2 protein chains.
Amino acid sequence: MGVTIKDIARKLGVSTTTVSLVLNNKPSRISPETRQAVLRAAAELNYHPNQIAVSMVTRRTGTIGLLLPDISNLYFSSLAKVIESECSALGYNVLYGNTNDSVENDFKYLELFLLGRAVDAVILTPSYQLGEEERVRFRSLVESSGIPVVTVDRRMQQMEVPCVCVDQELGGYLATKHLLSLGHRRIGCITAQPNVSGSAERLRGYRRALEEAGVSFDQALVVAGNYHVESGIQALPILLGQGVTAIFAANDMMAIGVLRECRRFHLRVPEDLSVVGFDDIFLAEFLEPPLTTVYQPLDDIGREAVRQVAEMLHGETGGERIISFKPSLRIRGSTMRWAGAQETAGK
Amino acid sequence: MGVTIKDIARKLGVSTTTVSLVLNNKPSRISPETRQAVLRAAAELNYHPNQIAVSMVTRRTGTIGLLLPDISNLYFSSLAKVIESECSALGYNVLYGNTNDSVENDFKYLELFLLGRAVDAVILTPSYQLGEEERVRFRSLVESSGIPVVTVDRRMQQMEVPCVCVDQELGGYLATKHLLSLGHRRIGCITAQPNVSGSAERLRGYRRALEEAGVSFDQALVVAGNYHVESGIQALPILLGQGVTAIFAANDMMAIGVLRECRRFHLRVPEDLSVVGFDDIFLAEFLEPPLTTVYQPLDDIGREAVRQVAEMLHGETGGERIISFKPSLRIRGSTMRWAGAQETAGK
DNA sequence: TTGTAGGCGTTATCAC
DNA sequence: GTGATAACGCCTACAA
């Protein structure tokens, strides 16, 4: 069960060296005859190299670890699709882990993959910003293993690891500015936990837009969600209680929650409430109303993450570089001019 | 770079056997002192077994291959999440491949995973029913590798492989019967390619419901999609041209396409057109209107697929068993009694 | 209770 | 041109 080069060698009366040389197209000048013979025998016996054995000696697995917080979030599953496809094109397989937005799971998989030398590199979306202690743990993990690690979508502060993402702050700014330009003044914001990278930046963008427009920031208009639909649902009544006329949700899932809950409250979107999301998951345009949201160039991000990994695999050094793409606003049906805008129109 | 049991053995002046025995908790009675010493040394040196080396000798990789047609389809990403989580609980990693509904890719990954002995087992959703030639290829691939293969969500006809799925025919039947019970008589059906397993069965259920209700089957009301949103969009005008009052889409993605296109046509759902989907992806209830659809017990399916695999890994034999779960109808807002129903009410 | 030695399948280093 | 032989890191009879 399992033809080996030994079998081929024996059958042909040559050494395993010869077989290996031929099968790997090594530039050692084997006579055309033996060459053909080996090739034919390999085909006849239906030989296929045992990748484990190959990995054993070459010290590379041909596998890249991919750690994502939640594959059932359309944003991440689309990202996974791009990354897997890019990896596949480079001859790499993807070992996948769902971290459920838990730092413990981040570490669980990281240790599994890095310490076990099960992968040649890792692409991950870290769950939270690490505390000092965890930072040490992470750093020693990465350094001692010597395995390239690249972060995608979210940054790891103070870590010497390349990060591929979007300019989150700008995204938050664009979303909020759009609402402001429509005359909204009381704009709610649903963020994720403050120590999730990305979330804080999006909030910063929100604040900057407000300040620029001379609208004072009100902490009561900011509620922390968790990037899941449910937290959008829960946030809505709180924000309505604050009299908001528009909501910026830090991702599309939460925006979907808001949309959904609005119907339960018989609130029309966008007539009664404008809603902006973030990510532009591909279902966003199919919602009712089609969701105005901040587009992330997913393909670029995924492609670039793999490119970064590939570079490091080819000896390029890591280090804390940030490759940042520009997000852009996709205006659709979930936002409109605030009916009461005339009052403040003169501003 | 990489502490080995040799390092530990050397440091302690014992043999690698001793170290291995201790570290693997083997029932060979090592003296408590050496035992402790080994454990301590391993911790101090930060030892972690090289999984490749372990795999080399144990002949198991601790990895399960998962091949899915489209991870950006919410149904499959949710399934992947369940499967990964179950595998993880059993100590298995998941090597993931996106096949894009192409048989060629099915084989590409299957060969990569099976022939390279990169996985201990494979769970896959086959792209299409295989032709005779492909069937031979598949069978020899699976048999020669001796690696357990389990099919999920879709069957492979005439293949000696366990399949975990839902009673597709029943699902199609329930969906259609629901529409019939609401008075609809011209019911369109959007299927996938006829040779995609599951699709054909769902269509059969549709026919059975029609026959049972004494409504004659009309081929013109059946249009073939591809399980993507776009094909729902394309199918709608065709079906409207046939004067349908309701549509059964063979999955939720296509149903979403229908919903979306209805808005462009200023058609109200469900007042002007009832729509039923299939899968009950978790966004279904968040759509507008919330989608009536056929629920698949995703968790059960994923869990059972992994259980099947685990059994085969433990020596249970494979064979063509079908583990079928019952789907159920989730009635939500996208269906209602047909306004013209009274005409045929007496029927 | 512990050590020796062989082997897993492949690649790599030298000789010949 | 080709072939021994030694790794790679670990496990496991079998010996001692």
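Below, chains carry the letters A, B, ... as their sequence lines are ordered, and counting in each starts from 1. It should be emphasised that the depicted structure is a prediction, and the values quoted were computed from it without experimental measurement.
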Taking only side-chain nitrogens and oxygens of B:K26, does any of them come within less than 4.0 Å of OP1 or OP2 of D:dC11? no
I'd like to know if the side chain of A:R117 and the backbone of A:L115 have a donor-acceptor N/O pair within less than 3.5 Å. yes
Side chain to side chain contact (heavy atoms under 4.5 Å, CB included) evaluation trace for B:V14 with B:I8: CA-CA 8 Å; B:V14 301; B:I8 300 182; over 6 Å; no
Looking at A:T17 and D:dA4, is any side-chain donor or acceptor paired with a base atom of the opposite kind under 3.5 Å? yes
Using the closest heavy atom to pick a nucleotide of DNA chain C for each, name whichever of A:L21 or B:E33 lands nearer the 5' end. B:E33
Tell me: CE of B:M56 to P of C:dT11, nearest whole Å? 11 Å
Would you say A:T16 reaches D:dG3's phosphate, i.e. side-chain N/O to OP1/OP2 under 4.0 Å? no
Nucleotide C:dT2, atom P - distance to CD of B:Q36 in whole Å: 12 Å
Rounded to the Å, how far apart are A:N50 CG and D:dC10 P? 17 Å
Nearest to the side chain of B:V57, which nucleotide is it out of C:dT10, D:dG9, D:dA4? D:dG9
Value in whole Å for how far the P atom of C:dG9 lies from NE2 of A:H48: 16 Å
Let's see if you can work this out: which of D:dC10, D:dT12, C:dT10 has an atom nearest to the side-chain heavy atoms of B:S20? D:dT12
Looking at B:R59, does any N or O in its side chain come under 4.0 Å of the phosphate oxygens OP1/OP2 on C:dG9? yes
If I take atom CZ in residue B:R10 and atom P in nucleotide D:dG9, what distance separates them, rounded to the nearest angstrom? 11 Å
In whole angstroms, how far is the P atom of C:dA12 from the CD1 atom of A:I5? 11 Å
Rounded distance in Å - CG (B:N24) to P (D:dG9): 17 Å
Heavy-atom closest pair, residues A:R155 and A:C165: CG-SG, 4.4 Å
Any side-chain N or O of A:T4 below 4.0 angstrom from OP1/OP2 of C:dG9? no
From C:dT11, D:dG9, D:dG3, pick the nucleotide closest to the side chain of A:V14? D:dG3
Is there a donor-acceptor contact under 3.5 Å from the side chain of B:N93 to the main chain of B:T63? no
From the candidates D:dC10, C:dT10, C:dT2, the one with an atom nearest any side-chain atom of B:Y47 is D:dC10
Under 3.5 Å: donor-acceptor pair, side chain of B:D7, backbone of B:T4: yes
Rounded to the Å, how far apart are A:I30 CD1 and D:dG1 P? 9 Å
